[in-house]
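Below is one structure, written out as structure tokens; comments come after it.
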Amino acid sequence: MKILVIGSGGREHAIVRKLLESPKVEKLYCAPGNGGIACDAVCVHMQAMDIPGAVTFAKKNEIDLVFVAPDDPLAAGMVDALKEAGIPAFGPRANAAILESSKVFSKNLMKKYNIPTASYEVFDNSQTALEYIKQKNQYPIVVKADGLALGKGVIIAPSYEEAEQAVHSIMEDKVFGESGNQIVVEEYITGPEVSVLAFTDGKTLKPMVSSKDHKRALDNDQGLNTGGMGTVSPNPYYTEAVAEECMRTIFLPTIEAMQKEGRPFQGCLYFGLMLTKDGPKVIEYNARFGDPETQVVLPRLKTDLVDILMAVVAGRLDQLDIEWSDEPAACVVMASGGYPQAYEKGLEISGLDEYGQLEGVTIFHAGTKMRGIGKFVTNGGRVLGVTAMGSTLDEALQKAYDGVAKISFEGAHYRKDIGK
Ligand code: AMP
Ligand code: GLY
């Protein structure tokens, strides 16, 4: 098969790596890819949001399957366009990707179908929102922009003043553009967070092994929120009993709800969960694989990924058994100095071999570029995901951190407490 992966981060590198293990893959393309992906697949000069470009490329190169990994092309209808052109595509259509691209939609869906989540109100007017917040008078309170906001659209306000600032910057200054036309004001809930990715063809849902993301930039969950600074799998809080409860109260009700709404969800559905004292609740849905969750989940997959993708696309996931390795995995993200704020690009990375790898670990490239043969430079906020498996989580973490110690670039920073 000829497969095209859309995207350019560490998640896409982990997908490319797993696809390469399949004997069914004859040719692998990635658009636009990155420095590390270029060692494993043919990188195509095409932006991830180029929908007509993806259709044209897939037709011209007789692509058998397109894997659309990032949120924005999914929300913009890339899968719809591919399917209409007769090209098999993995990922939800835009009318199902809305589960991630509109928090108002997802919150209202959960309310309608009794799926546990934090209580909330929706506002399209800042004045009414502020009156509500004042009247509620409970802090912290959570303010969320409705639409996609590069993972920055959630503000946890410890006081009225900060909530007011959040509402103003989202609804009036439009810091997230149209994504801020509506907001969700939400009750603050607490508990350990768990990420669960699941394959679904719209009718059948098969959860993958669980994982734990570390979203804050600095150790001990200090500093700004990021896309994710590291992950471990499995998530130690996600016991079998919790998994069973989530399946019954959250996962199956969600795909049934989407079916009833005439928006069957096909692809990877990501459940961002919080295990509260009142049971597991949904913090957010994503319509795609997580980054850097994928980097610890897919290495544990034993079943041929191509078989799973084809079963999802054909709507016959019920006929497939999916097997996972018992070995835990850990991923430590090495980020550019300054990330998640402004950072420099083009800094030379040392410690990697000519394929951008290192013995003893797997390096998933996130923001890198190849400069000359076997030379890599930084090209993004999150630069590398240094990943390892082990017979215990401690062993996996030890291997990953041993890898990190051998790699350097100017200003590099990483968390020292992943998995702790
Ligand atoms: P999201 O972008 O929706 O994943 O939110 C980012 C982070 O904000 C989550 O991982 C949580 O840690 C936190 N968060 C979101 N909603 C709530 C809530 N209702 N209560 C407490 N924390 C929240
Ligand atoms: N790591 C969180 C996400 O992919 O949304």
Side-chain angles (χ1 to χ4, degrees), residues 7 9-12 14-15 69-72 74-75 97 99-107 110 116-122 133 136 138-158 163 166 170 176 179 183-197 208 210-217 221-233 235 237 268-278 280-298 331-333 335 340 364 366 381-382 385 415 418:
R11 164 184 57 204
E12 287 74 10
I15 291 166
D71 53 3
D72 31 358
L74 289 169
L99 212 42
E100 171 171 7
S101 61
S102 170
K103 292 201 191 288
V104 171
F105 173 87
S106 68
K107 294 297 288 191
M110 287 186 267
T117 188
S119 65
Y120 72 100
E121 291 293 332
V122 174
I133 292 169
K136 186 125 190 159
Q138 255 172 30
Y139 303 98
I141 196 158
V142 185
V143 179
K144 300 185 172 183
D146 172 45
L148 297 177
L150 298 168
K152 294 177 186 160
V154 174
I155 292 137
I156 296 172
I170 296 175
F176 307 121
S179 286
I183 57 167
V184 172
V185 177
E186 201 172 276
E187 161 206 19
Y188 177 78
I189 56 176
T190 53
E193 288 183 52
V194 183
S195 306
V196 179
L197 316 177
M208 304 181 213
S210 65
S211 54
K212 163 113 188 81
D213 189 11
H214 296 69
K215 284 194 172 141
R216 299 293 201 95
D221 286 338
Q222 301 295 305
L224 296 170
N225 249 325
T226 71
M229 292 297 289
T231 37
V232 295
S233 174
N235 184 311
Y237 296 101
C268 172
L269 181 50
Y270 168 132
F271 298 90
L273 306 169
M274 194 175 267
L275 308 183
T276 74
K277 62 174 178 19
D278 305 319
K281 293 189 178 178
V282 177
I283 287 278
E284 62 160 352
Y285 293 113
N286 290 322
R288 52 170 176 81
F289 276 85
D291 187 345
E293 283 88 343
T294 308
Q295 289 87 316
V296 287
V297 170
L298 283 189
C331 170
V332 178
V333 170
F364 294 125
R382 292 186 290 177
R415 279 182 60 161
I418 301 303

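Start at 1 and go down the list; that is how both ligands and their atoms are numbered. On a predicted model such as this, the values are computed, not experimentally measured, just so you know. FYI, the numbering just counts along the sequence from 1.
When heavy-atom distances to ligand 2 are checked against a 4.0 Å cut-off, Arg288 comes that close only through its side chain, counted from C-beta outward. Contact annotation: for Glu293 versus ligand 2, heavy atoms closer than 4.0 Å belong to the side chain alone.
Of the options Glu187, Lys103, Lys144, Glu193, the smallest heavy-atom separation from atom 9 (C) of ligand 1 is shown by Glu193.
Residue, atom and distance of the protein heavy atom nearest to atom 17 (C) of ligand 1 are Ile283 CD1, 3.7 Å. Remark: minimum distance from atom 21 (C) of ligand 1 to any protein heavy atom is reached at Ile189 O, 3.0 Å. Atom 8 (O) of ligand 1 has as its closest protein heavy atom Val154 CG1, 3.7 Å. Nearest to atom 14 (N) of ligand 1 among the protein's heavy atoms is Ile156 CD1, 4.0 Å. Scanning the protein heavy atoms around atom 7 (C) of ligand 1, the nearest turns out to be Asn225 ND2, 4.3 Å.
Neither side chain, Glu293 nor Ser211, offers a donor N or O lying under 3.5 Å from an acceptor on the other.
The shortest N or O to N or O distance between Asp291 and ligand 2 is below 3.5 Å. For a threshold of 3.5 Å applied to N or O pairs, the pair formed by Glu186 and ligand 1 contains at least one separation below that value. At least one N or O atom of Asn286, backbone or side chain, sits closer than 3.5 Å to an N or O atom of ligand 2. Ligand 2 has no nitrogen or oxygen under 3.5 angstrom from a nitrogen or oxygen of Gly228.
Atoms of ligand 2 lying under 4.0 Å from at least one heavy atom of Gly227, given by number and element, are 1 (N), 2 (C). Residue-ligand proximity, Asp213 to ligand 2, at heavy-atom distances under 4.0 Å covers atoms 1 (N), 2 (C). Annotation for ligand 2: atoms under 4.0 Å from non-hydrogen atoms of Gly290 are 4 (O).
In this structure, Phe289 falls outside the shell of residues with a heavy atom less than 4.0 angstrom from ligand 2.
Residues Met208 and Ser233 have side chains not in contact (no heavy-atom distance under 4.5 Å, counting atoms from C-beta outward). Considering only heavy atoms from C-beta on, Asn225 comes within 4.5 Å of Arg216 through its side chain.
Under 4.0 Å is where a charged nitrogen must lie from a carboxylate oxygen, and between Lys215 and Glu284 at least one such pair does. Residues Lys107 and Asp146 are not paired through a salt bridge, judged by the lack of any N-O separation under 4.0 Å between the basic side chain and the carboxylate.
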Test ring-ring contact (aromatic ring centres under 6.0 Å, His included) on Tyr285 and Tyr270 and set out the steps.
CA-CA 6 Å; Tyr285 293 113; Tyr270 168 132; 9.6 Å; no

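The minimum heavy-atom distance between Leu269 and Asn286, with the atom names listed, is CD1-O, 3.5 Å.
By the 6.0 Å contact criterion, OH on Tyr120 is enclosed, its count of non-hydrogen atoms from other residues, nucleotides or ligands being greater than 12.
For the side chain to side chain contact (heavy atoms under 4.5 Å, CB included) with Lys103, the qualifying choice from Val154, Ile183, Val122, Leu148 is Val154, the only one to do so.
Using a distance-only test at 3.5 Å, with no hydrogens or angles considered, a donor-acceptor pair links the side chain of Arg382 to the main chain of Asp291.
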